[in-house]
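Written below as structure tokens is the structure these notes are about.
Here is how names work: the chains are called A, B, and so on, in the same order as the sequence lines, proteins then strands, and each is numbered from 1. The basis for the numbers below is simple: all heavy atoms, side chains too, and nothing from hydrogens, waters or symmetry mates.
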Amino acid sequence: MERIRELTKRKDVDYMEIRLERGVETNISITGKKVDFIKTGKFFGGNVRVLVGGIWGFIYFTELDTLENKIELAVQQAKTLQGLVKEKSGLVQITPVEKVVKYGVKKDPYSVPLSEKIRLLKHYSEVSLSADKKIVNSRVLYADKKKVLYFANSEGAYIEQHILDLGGYVMPIAGNGKEIQRTMVPFGSSSNYAVLEGLDDEIVQKSKLAVSLLNASIPQGGEYPVIIDQHLGGVFIHEAFGHLSEADFIFENKNLQRIMRIGNKIGSEILNVYDSGDIKGLRGYLEYDDEGVKAKKVQLIKNGVLSGHLHSRETAYKMGESPTGNARAVGFNFAPIPRMRTTYIDSGKDKFEDFVRDIKKGIYAKGSFGGQTNGELFTFVSEEAYLIENGHITHLLKNVSLSGNVFETLKNIVGIADDFEIRDSGGGCGKAGQWPLPVSHGAPHIYIKKAVVGGKQ
Amino acid sequence: MKEEFINLTKEKNISGELFQLKSYRLSVDFENNKFKGIDEGETDGFAVRVMKNNKIGFAYSTGKENLRELVELALDSAEFSKEVNFKFAHSVEKLPNIQCFDESIVNEDRNVAIELGKEFVEFIRSLKDGIQAGFSMQKSVFEETIVTTEGFESTFKKTVKSVSAGGVFTKEGDFLEVSAGEARSLNGTFDLETMKEKLKSNVLAANVSAKAPSGKYPVIFTPFSIGEVLRPLLISLNGQNVLKGFSMLRGKLGQTIFSSELTLIDNPLLSGGAYSFPFDDEGVVSQRKELIAKGQVRNFLADLDTASRLHIYGGNAQRSLSSIPQPSSSNLILQTGSTPFNNMIKMPKKVLIIESLMGTMMGNVIGGFVTGNIELGYLVENGAIVGRVKDVMINFNVFDVLKDIAVSKENIWTDKYIAPYIYLPSVSISSK
């Protein structure tokens, strides 16, 4: 690494960083009683990013022997683009750090033999299959990745981070010949293989739910008061608001700058939202980002008022704000951009039961297969949902999707419960072709005055 | 490396497949009306699959890993895998001559992309005050080699160039996102004027808003949004899902269950296609497959394993360096029909044209459901566009709605699809 640190010190660049990563990964996929595939891999790659005269050059590679050539290519790339870019890039100043970081691992998946992992995952698949006659199949996916990230820059920083990430799910699949319904038992961690253990009861319960969904009704589409659970609340705040807080989206867009100005009233007064790298064990845990910036806890919304943005060093420089440690890259073949870590709605003072009691006709939506947003509109599909009638949860509903305007919905939050929870799952966040980035999200139960529910007519 | 691999398989008395992939990528990007930069790089790596006692193992590596170590890693996992009854690709006398490599893409100066980007940004900015334009040109060059113990050995080179452009308008209460893109393997096959027309007509149509109260509507999916309708269908046409019981088309081979207007073809032999290749990622010679012909289910997409179990031809395996080969579609061709698009929009009193949906990936896609938000769609009344509809959810099952459709005479080649406009007579719409 001394060689690499030396290489970053070049006189003809304003800034240079070299990132290298080396690691191993294992993926296991099981369908029914059979192993579909087991994949093991070893990866190495790196990149050079330079800033010359306010212009970036970026080159990635899998061959370290010719690093000097790659540096030269990156510098030349930036030099040939001089004059093309009117607005120059820059970086906010930080104090360079020299540190080796080992994330505390409680139970290392690489201490568990492959045979034992497969035994457990097959067992889960069988638990699901035997839970009910109408469980026609089950899918189990498991993925882990263990890597060392090396970071050095021309300012003298040198950070070595030893990182673990694992995640996946057990998916019971119910069918009746006409229709298929599925549910999900997710797991994920940055420190502990044990999150995979002891899932039997939950798998049985979710298998039975999948079967019940076959006979559930499809809601009448329209506008309803809605209660969303912790998991769906987490997905909502990540998708609908978290992405808007990423400063690369804001800093060059005047209209969005007006909407996302710090101090703007953005949501209801009871709403507090954070993005933080500091919750250990979660997949969104991060000590230093991919620009060597310490990951800070950022309050995005304070009592309904916008109070923070998620920055890289470049966006912080351009917006005159402090860096937050949100510059992340999914792998060596990408440059870091502002991304979330663990994003959550903070606990409130209300009670879930009171929300239900307050609703004459509404929807209680739980769990999520994901969500999507275009900045203004959001859409989520819940895993399970219930009709609420006259203050009571009544029928199970299927294929429930929720949609709305982000800004209206944030203002339409009328209740936040005291039952905050974060549960990790597999997969990850996608942005600009960079997927899957490990992130986490959570919330307490949230009561929204009205949202559009998709359904039959 | 080839000899070393073959010797290792002999030593261990196993059959095997070596997959090597070198790839180069260059992207030129414009964001928020400005040139953003270039990123560029190359990766080189290999993957091995080994088979012992009919059980298969996989391992991959980027960079310089030891081949012996990788073969041993793959063998370790083979022990736990399911049994298969196929053999790795055998030697072939002649491969189809596919046009999918273009030296002019490899050698094209990056300034060509920068100039094209400037042109698109200027064009998009001229469409609406305050719109933020983006552009991206990405080119990739692949060199893929497959060697098997069954005697297959071949290398092919391929270029893929994609051009995409779009605009974002963000005013509180009035977000608009328009985009269009094309991908090809040959330079001469682009039709950038069609992209511009698409962007222009979308921005203009969105200038006025329209109301679509909840109810049943006829809707039209365009060649740019057709992927939303085809996604659940392709999941069910994937042979692997047929075997796993995740396909609504299981046991339906030979049955006519869709409108006779529906014909869907997977064609990896298409000249200039971004998804064209002489052999698939397992070394199986490419073939054109009619998946659905005049409403009848005719074939499934298959890799070697799936093909051996379903007793059909494979040739549809695709993979990246680090992934297991899986059945996947190549260039998809949806046959044109008999209805001119202009008649299509005049047929009913009211019709919704769908340009893009949002959130549909999260629904019960396996079950055939398309559930999501209309991100960009227009209400048309008596053949004239009234305006953009917003805050509207759409909900249908493709296995129901594709029983009765009208298909346009006109078609457009986007990236993966060459597709016409599809008219669905009755679809549920929910709005506030």
task = Indicate yes or no: at least one non-hydrogen side-chain atom of B:V168 is less than 4.5 angstrom from one of B:F175.
result = no

Region of B:Q240 that comes under 4.5 Å of a non-hydrogen atom in chain A = neither

note = When the 4.5 angstrom heavy-atom criterion is applied to A:F380 and chain B, the contacting part is neither

key: With sequence neighbours excluded, residues passing side chain to side chain contact (heavy atoms under 4.5 Å, CB included) with A:A451   = A:V226

key: Structural part of B:F246 lying under 4.5 Å from a heavy atom of chain A   = both

key: Part of B:R25 within contact of chain A (heavy atom distance under 4.5 Å)   = both

note = Residues at least two apart in sequence or cross-chain that pass salt bridge (charged side-chain N to carboxylate O under 4.0 Å, His left out) with A:R49, listed by chain then number, are A:E17, A:E291

inquiry  = Is B:I374 close to chain A through its backbone or its side chain, or both, or neither, when contacts mean heavy atoms under 4.5 Å?
reply    = backbone

task = Identify which part of B:Q138 has an atom lying under 4.5 Å from any heavy atom of chain A, answering side chain, backbone, both or neither.
result = neither

task = Tell me, for B:K36 versus chain A, whether the close heavy atoms (under 4.5 Å) come from the side chain, the backbone, both or neither.
result = neither

message = With a 4.5 angstrom heavy-atom cut-off, is it the side chain or the backbone of B:K34 that approaches chain A, or both, or neither?
response = side chain

message = Looking at B:E40 and B:R110, is any side-chain nitrogen of the basic one under 4.0 Å from a carboxylate oxygen of the acidic one?
response = yes

request  = Heavy-atom distances under 4.5 Å only: say whether B:F369 touches chain A with side chain, backbone, both or neither.
outcome  = side chain

